[in-house]
Amino acid sequence: MRRCLPLAALVALGAALPAAATSLEVSPAGAAHRGGPVRVKVKVTPDGAPLPAELVFRVDGEAVQRQEVGAGGSEFTLRPPTLSVGWHEVSVEGGEGGHATTRVLVIPGILSVLPPLVAIALALIFRDVLVSLFVGVFSGALILAGGHGPAAFARSIDQFLLGALADKDHAAIIIFSTLLGGMVGVINRSGGTQGIVAALSRYATTARSGQLSAWLMGVLVFFDDYANTLIVGSTMRPVTDRLRVSREKLAYIVDSTAAPVASLVPLTTWIGFEVGLIAAAFADIGAPYNAYTTFIATIPYRFYPIFALLLGFAVAVSGRDLGPMLAAERRARRSGEVLGADAVPLADFSSQLLLPPAGKPLRAANAVLPILTVIAVTVGGLYLTGRTGGGGGLLEGVRAAFAAADPFKALLWASLAGVVMAAGLAIAQRILTVRETMAALVEGLKSMLLAMVVLTLAWSIGAVCSELHTAEYVVGVTRSVLSAHWLPVLVFLVSAAVSFATGTSWGTMAIVMPLVVPIAHGLAVETGLSFADPNYRVLMLGAISSVLAGSVWGDHCSPISDTTVMSSMASGCDHIAHVRTQLPYALAVGVVGMAVGDIPTAFGLSPWISLAAGVVIIVGGVRLFGRPVDG
């Protein structure tokens, strides 16, 4: 017979147990700037107790804020009185016995721009991208650790490098990039690369036509900037090598078509993100505008990506270049050295292990079919991951599907399909055995190692900038100088600065757009404009287009941008050489865009007149200042 505790004993035992309490965890959301807000992350776990109605926050023991709470994790922005530089204690209380404490570092805001500037300066001076990027990451970790060196060293790898690799989207980029590298390895080994070179030789017979072919392919592969970069670079590299076009020039053409095209065409993986930001900003100010039609209306005002495409076409057709690019092109044309003597390409597919077997046919189809497979699966994947099954016409349905698509899933499917197609063709035609095919695949994967390390470091320094709130500092120090007529050009410069320092165009758009649209609205209201006034709409279009275009400009110029790294990787170019040769062209286009576009259109000039003027200036400038490569 089982024995039971007497009822009195059970009551006594229950009274002895602790009451259910709310569990709180608090951690800093990066450093705080002196005079700015303090951000903390709070995780609330009820543990059987009723959820607290609000949380009480204290800084250095003084209550500064009360806020409503929700279950799970939340980020809270505290606005205490100005805090001195150094460590400060932040505590949170709520519920039955819920209490947690953390420390937050307050720094001078100017320090937040130091890590990206250090990385960029070292990369351009010493031309060693790995060391430069790691020093940039370490310098940011040192600031966040309050100057504690060992802690900064540990945090550089266990938080920032590990976090960059643990991010789901970053992992997807690494997987599909390396798989495409493996596909290129199999294509090379099976003779597909040599076959496509022979096939294109009938059309791309000169350096000029080779560059034009690369530019045209970059425009046609418009649906995603990553896919554009990898497909165009890897396809055209053997063609331009044969025609003695420098790797620097190919990387420039690839880079100046990828993001500019993807950001402009209203049927790409960018569209959903851009329209979503515009819609959210309009909701904040109550603007009665359609976000998608506004996006379309901004296209004539986005002078940088349009002029970047135009300059790439102009230098390809004219056979003229200037500055470091001219030197690189003359070196390649005269000596056949497509890479400089001390160049370290991010990806190298010249291994002897990737040469096709002797006596086997060199068929272009073995390269074309895997590449077409990647394109077809990418487009199909974008549609499948984004379709909703709603009504509307075919074009509207495709547009909506692309806007809601998951580009990373589509690219993963496409890269794997490309590998399978390349391997299947090689084995089915008995050009390679299964073992030889796998060896070529592994060799192609290995060729991407350096690029993946650089990409991981670039993401890491982006995470450092996020912890230091670099973008918010840049925006904050420029907000006071904004005015209605000068708003577009100043927003363009601010967006470019943020994008250059952080290496991300999408991150810049997400940070700047919610700040700029309310500022533009406030300036319009101050001057007596309403939503129905055409001048209000022109001001808003100028502000929004400047965010979108400026983000692309800074990303295009930045050596820590993932698309800049991937352009170097796909083209087999030395990364710093790519940045040094591209930068003068990108800066020139940005200046022209501001001078004939952003400034005069803010004073009422038609954007179509600005575009026409830009065409004349760019084409005339290439003719006047450029020098013939073969001259």
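Small disclaimer: the values here were computed from a predicted structure and weren't measured.
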Should Phe138 and Arg155 count as side-chain neighbours, where that means a heavy-atom distance under 4.5 Å?
no
Test applied, side-chain contact (heavy atoms from CB on, under 4.5 Å); reference residue, Arg247; option that passes from Thr581, Asp241, Asp574
Asp241
Can you name the nearest heavy-atom pair linking Thr470 to Ala501, along with the distance?
CG2-CB, 4.5 Å
Whether Tyr252 and His556 hold their rings parallel, tilted or perpendicular, with breakpoints at 30° and 60°
parallel
Any non-hydrogen side-chain atom of Ser495 less than 4.5 Å from a side-chain atom of Ser551?
yes
Would you say the side chain of Ile157 lies within less than 4.5 Å of the side chain of Leu162, judging by non-hydrogen atoms?
no
Modelled atom types, side-chain donor and acceptor of Asn188 and Glu443, under 3.5 Å:
no
Hey, what do you get for OH (Tyr585) to CG (Leu311), rounding to the nearest 0.5 Å?
7.0 Å
Is Ser558 reaching over with its side chain to a backbone N or O of Phe500, donor-acceptor style, under 3.5 angstrom?
yes
May I ask you to check if Arg302 and Phe295 form a cation-pi contact, with NZ or CZ under 6.0 angstrom from the six-membered ring centre and within 45° of the axis?
yes
Parallel under 30°, tilted from 30 to 60°, perpendicular over 60°: which one fits the rings of His578 and His575?
tilted
Please name the residue in the list Arg333, Glu329, Glu337, Arg331 that meets the side-chain hydrogen bond (donor to acceptor under 3.5 Å, both in side chains) test with Ser246.
Glu329
Any Leu180 side-chain heavy atom under 4.5 Å of Leu411 side chain:
no
To check you understand the geometry: which heavy-atom pair defines the closest contact between Pro116 and Ile461, and what is its length?
CA-CD1, 4.1 Å
Distance only, no hydrogens: is a donor on one side chain within 3.5 Å (strictly under) of an acceptor on the other, for Asp555 and Thr563?
yes
Separation of Phe134 CZ from Ser156 OG (nearest 0.5 Å):
4.5 Å
When every non-hydrogen atom of Val579 is compared with those of Cys557, the smallest separation belongs to CG1-O, 4.1 Å
So CG of Leu339 and SG of Cys573: to nearest 0.5 Å the spacing works out to 6.5 Å
Have Ser567 and Thr564 got a donor and an acceptor in their side chains that come within less than 3.5 Å?
no
Using modelled atom types and a 3.5 Å cut-off, is there a donor and acceptor pairing between side-chain atoms of Thr298 and backbone atoms of Ser545?
no
Side chain to side chain, Trp215 and Leu220, heavy atoms closer than 4.5 Å:
no
Over all atoms of both residues, closest heavy-atom pair of Val315 and Gln211
O-OE1, 4.1 Å
Working to the nearest 0.5 angstrom, can you tell me the gap between Leu457 CG and Met452 CE?
12.0 Å
Would you please test Val317 and Phe313 for side-chain contact (heavy atoms from CB on, under 4.5 Å) and show each step?
CA-CA 6 Å; Val317 170; Phe313 177 80; 3.6 Å; yes
Say whether, by atom type as modelled, one donor and one acceptor occur between the side chain of Lys360 and the main chain of Arg430 under 3.5 angstrom.
yes
4.5 Å side-chain heavy-atom contact, Glu274 and Ser263:
yes
Is it the case that over 12 heavy atoms from other parts of the model lie below 6.0 angstrom from the CG atom of Leu165?
yes
Here the gap from Ser335 atom OG to Arg244 atom CZ, rounded to the nearest 0.5 Å, amounts to 7.0 Å
Relative to each other, are the rings of Tyr304 and Trp553 parallel, tilted or perpendicular (30° and 60° limits)?
tilted
Evaluate Val464 against Leu468 for side-chain contact (heavy atoms from CB on, under 4.5 Å), listing each step before the verdict.
CA-CA 6 Å; Val464 166; Leu468 292 171; 3.8 Å; yes
For Ala308 against Val589, the heavy-atom pair lying closest together
N-CG1, 3.6 Å
Atom pair CG (Leu179) and CG (Leu412), whose distance is rounded to the nearest 0.5 Å
7.5 Å
Do Arg189 and Pro357 have side chains that get closer than 4.5 Å, going by heavy atoms?
yes
Can you tell if the side chain of Arg580 reaches within under 4.5 Å of the side chain of Ile576, non-hydrogen atoms only?
yes
If you compare all heavy atoms of Val254 against all heavy atoms of Thr257, which two are closest, and at what distance to 0.1 Å?
O-OG1, 3.1 Å
Candidate pair Ile253 and Val232, rule side-chain contact (heavy atoms from CB on, under 4.5 Å), full reasoning
CA-CA 9 Å; Ile253 293 173; Val232 177; 5.9 Å; no
Full working for side-chain contact (heavy atoms from CB on, under 4.5 Å) between Val368 and Thr235
CA-CA 9 Å; Val368 172; Thr235 302; over 6 Å; no
